[in-house]
Amino acid sequence: MAIVYLDVLQINQFYQYIYFHAQPCEEIFLFCVQDPNEDTEWNEILRDFGILPPKEEPEDETEEMVSHSQKEAMVKPYEKMNLAQLKEAEDEFDEEDIKAIETYREKRLQEWKALRKKQKFGELREISGNQYVNEVTNAEKDLWVIIHLYRSSVPMCLLVNQHLSLIARKFPETKFVKAIVNSCIQHYHDNCLPTIFVYKNGQIEGKFIGIIECGGLNLKLEELEWKLSKVGAIQTDLEENPKKGIADMMASSIRNISIYDSDSSNSDNDGK
């Protein structure tokens, strides 16, 4: 229920309209209306005297649709097309549009090439020894290639393969491959596994040979990612070495042991 407050002048005008002659009251008069937007004669009378505000007009859906259509018409049709559709429809455009299309096509082509290059890999692929030269050494210019030489009988190799698979998804612009070591190097000793080589332009830019260099038996995913980023093969978002805290604790423990041994030695000498 809407509440309308009438002042003295409005009451006078209202009374005159309904032919009810009475002395105007000097206080605020409270008048109730069920629905101020309802189409009734009573509400029209109140609107005529300014007691009710003008009726709210419903939104014109047709006008809104026309406005939307006009905005869509301002967008050039070629801006909604892919490269194949542009090729098919190029006869339908005028000279000015054709020039704009050429610029637009070139922009889309460069974006497509950049996306393809960035998302070219994204997985850890298995290769054989006879593919090593083509896939790794002679890979395309400026491409980072990471190869893991492994044996499935070595547990640490399986862990490294698991981590590299996840890292390859995160950094699809870098090429990740793995190969059974016997297919690449004959009589390679297990003590040298896992072996990770990092190549760029046919040169080895980094290498991790054996369990210790690869990060130890408890190697974490982030630790391996950090190692590869330090070589330059990937651009990690890690801000510091995940193993730094552990290394600091070990260094601190070694220092404490050294101090304790030194104090014990001095005490023994003093006793003598």
Peer 1: State the CD1-CD1 distance between Ile209 and Ile212, to the nearest 0.5 angstrom.
Peer 2: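 Here the rounded value is 13.5 Å.
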Peer 1: Go through it in stages, so that I can follow the logic: the residues are Thr195 and Tyr188, the test is side chain to side chain donor-acceptor pair (under 3.5 Å), and I'd like the CA-CA distance, side-chain angles, deciding distance and then a yes or no.
Peer 2: CA-CA 10 Å; Thr195 292; Tyr188 200 70; 2.8 Å; yes
Peer 1: Taking side chain as C-beta onward, heavy atoms only, is Tyr132 less than 4.5 Å from Thr137?
Peer 2: yes
Peer 1: Consider only side-chain heavy atoms of I, L, V, M, F, W and Y, link residues closer than 4.5 Å, and tell whether Val133 and Val136 are in one cluster.
Peer 2: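 Shared cluster, no.
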Peer 1: Does one hydrophobic cluster hold both Ile180 and Ile147, with members joined at side-chain heavy-atom distances below 4.5 Å?
Peer 2: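 As far as the 4.5 Å side-chain criterion goes, Ile147 and Ile180 are not connected within one cluster.
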Peer 1: Does any pair with a residue in residues 189-209 pass salt bridge (charged side-chain N to carboxylate O under 4.0 Å, His left out), and if so which ones, sequence neighbours excluded?
Peer 2: Arg151-Asp190
Peer 1: Might you point out which heavy atoms bring Gly216 and Met156 nearest each other, and give the distance in Å?
Peer 2: O-CE, 2.9 Å
Peer 1: State, yes or no, whether a side-chain contact exists between Glu126 and Val177 at a heavy-atom distance under 4.5 Å.
Peer 2: no
Peer 1: Main chain of Tyr199, side chain of Gln203: is a donor-acceptor contact present, judged purely on distance under 3.5 Å?
Peer 2: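 Checking the backbone N and O of Tyr199 against the side chain of Gln203, no donor-acceptor pair under 3.5 Å is found.
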Peer 1: At their closest point, which heavy atom of Cys184 faces which heavy atom of Ala179, and how far apart are they?
Peer 2: SG-CB, 3.7 Å
Peer 1: Between Glu135 (side chain) and Gln131 (backbone), is there a donor-acceptor pair under 3.5 Å?
Peer 2: no
Peer 1: Tell me every residue that passes salt bridge (Lys or Arg N to Asp or Glu O under 4.0 Å) with Asp142, counting only those two or more places apart in sequence or in another chain.
Peer 2: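 Salt bridge (Lys or Arg N to Asp or Glu O under 4.0 Å) check on Asp142 returns nothing, list empty.
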Peer 1: Salt bridge check: are Lys170 and Glu225 linked by an N-O gap of less than 4.0 Å?
Peer 2: yes
Peer 1: Could you list all the side-chain hydrogen bond (donor to acceptor under 3.5 Å, both in side chains) pairs where at least one residue sits in residues 154-169, not counting sequence neighbours?
Peer 2: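 Residue pairs passing side-chain hydrogen bond (donor to acceptor under 3.5 Å, both in side chains), neighbours aside: His148-Asn161.
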Peer 1: Are Ile234 and Leu164 in one and the same hydrophobic cluster, where Ile, Leu, Val, Met, Phe, Trp and Tyr link if side-chain heavy atoms are under 4.5 Å apart?
Peer 2: yes
Peer 1: Would you give the length of the straight line joining atom CG of Leu193 to atom CG of Leu149, rounded to the nearest 0.5 angstrom?
Peer 2: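 Rounded to the nearest 0.5 Å, the CG-CG separation comes out at 7.5 Å.
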Peer 1: Are Leu166 and Tyr150 connected, step by step, through hydrophobic side chains (Ile, Leu, Val, Met, Phe, Trp, Tyr) whose heavy atoms are closer than 4.5 Å?
Peer 2: no
Peer 1: Taking atom CG of Asn241 and atom NZ of Lys230, what is their separation to the nearest 0.5 Å?
Peer 2: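 That separation rounds to 8.5 Å.
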Peer 1: Of all residues at least two apart in sequence or in a different chain, which pass the side-chain contact (heavy atoms from CB on, under 4.5 Å) check with Leu143?
Peer 2: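 Scan of Leu143 (side-chain contact (heavy atoms from CB on, under 4.5 Å), adjacent residues dropped) gives Phe121, Ala139, Glu140, Val145, Lys175.
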Peer 1: Enter the distance from Ile167:CD1 to Leu224:CG here, rounded to the nearest 0.5 Å.
Peer 2: 4.0 Å
Peer 1: Report the C-alpha separation of Lys141 and Asn201 in whole Å, then their side-chain angles, then the decisive distance to 0.1 Å, and conclude whether the side-chain contact (heavy atoms from CB on, under 4.5 Å) test is met.
Peer 2: CA-CA 6 Å; Lys141 185 180 179 182; Asn201 296 327; 3.7 Å; yes
Peer 1: Which ILVMFWY residues can you reach from Trp226 by hopping between side chains whose heavy atoms are under 4.5 Å apart?
Peer 2: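 Reading the cluster by chain and number, Trp226 sits alongside Leu238.
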Peer 1: Supply the atom-to-atom distance Ser229 OG to Phe171 CZ, rounded to the nearest 0.5 angstrom.
Peer 2: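 Answer rounded to 0.5 Å: 7.5 Å.
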Peer 1: Any donor and acceptor pair, going by atom type alone, linking the side chain of Thr174 with main-chain N or O of Ala233 inside 3.5 Å?
Peer 2: yes
Peer 1: Applying a strict under-4.5 Å side-chain criterion to I, L, V, M, F, W and Y, I'd like to know whether Leu124 and Leu158 cluster together.
Peer 2: no
Peer 1: Would a 4.5 Å heavy-atom cut-off, applied to side chains only, mark Val231 and Phe208 as touching?
Peer 2: yes
Peer 1: Roughly how far apart are Phe176 CZ and Ile196 CD1, rounded to 0.5 Å?
Peer 2: 9.5 Å
Peer 1: So, Thr103 and Glu106: side-chain donor and acceptor under 3.5 Å apart, yes or no?
Peer 2: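 Glu106 and Thr103 do not have a side-chain donor-acceptor pair below 3.5 Å.
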Peer 1: Can you list the residues that meet the salt bridge (Lys or Arg N to Asp or Glu O under 4.0 Å) rule with Lys220, with sequence neighbours excluded?
Peer 2: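 Applying salt bridge (Lys or Arg N to Asp or Glu O under 4.0 Å) to Lys220 gives none.
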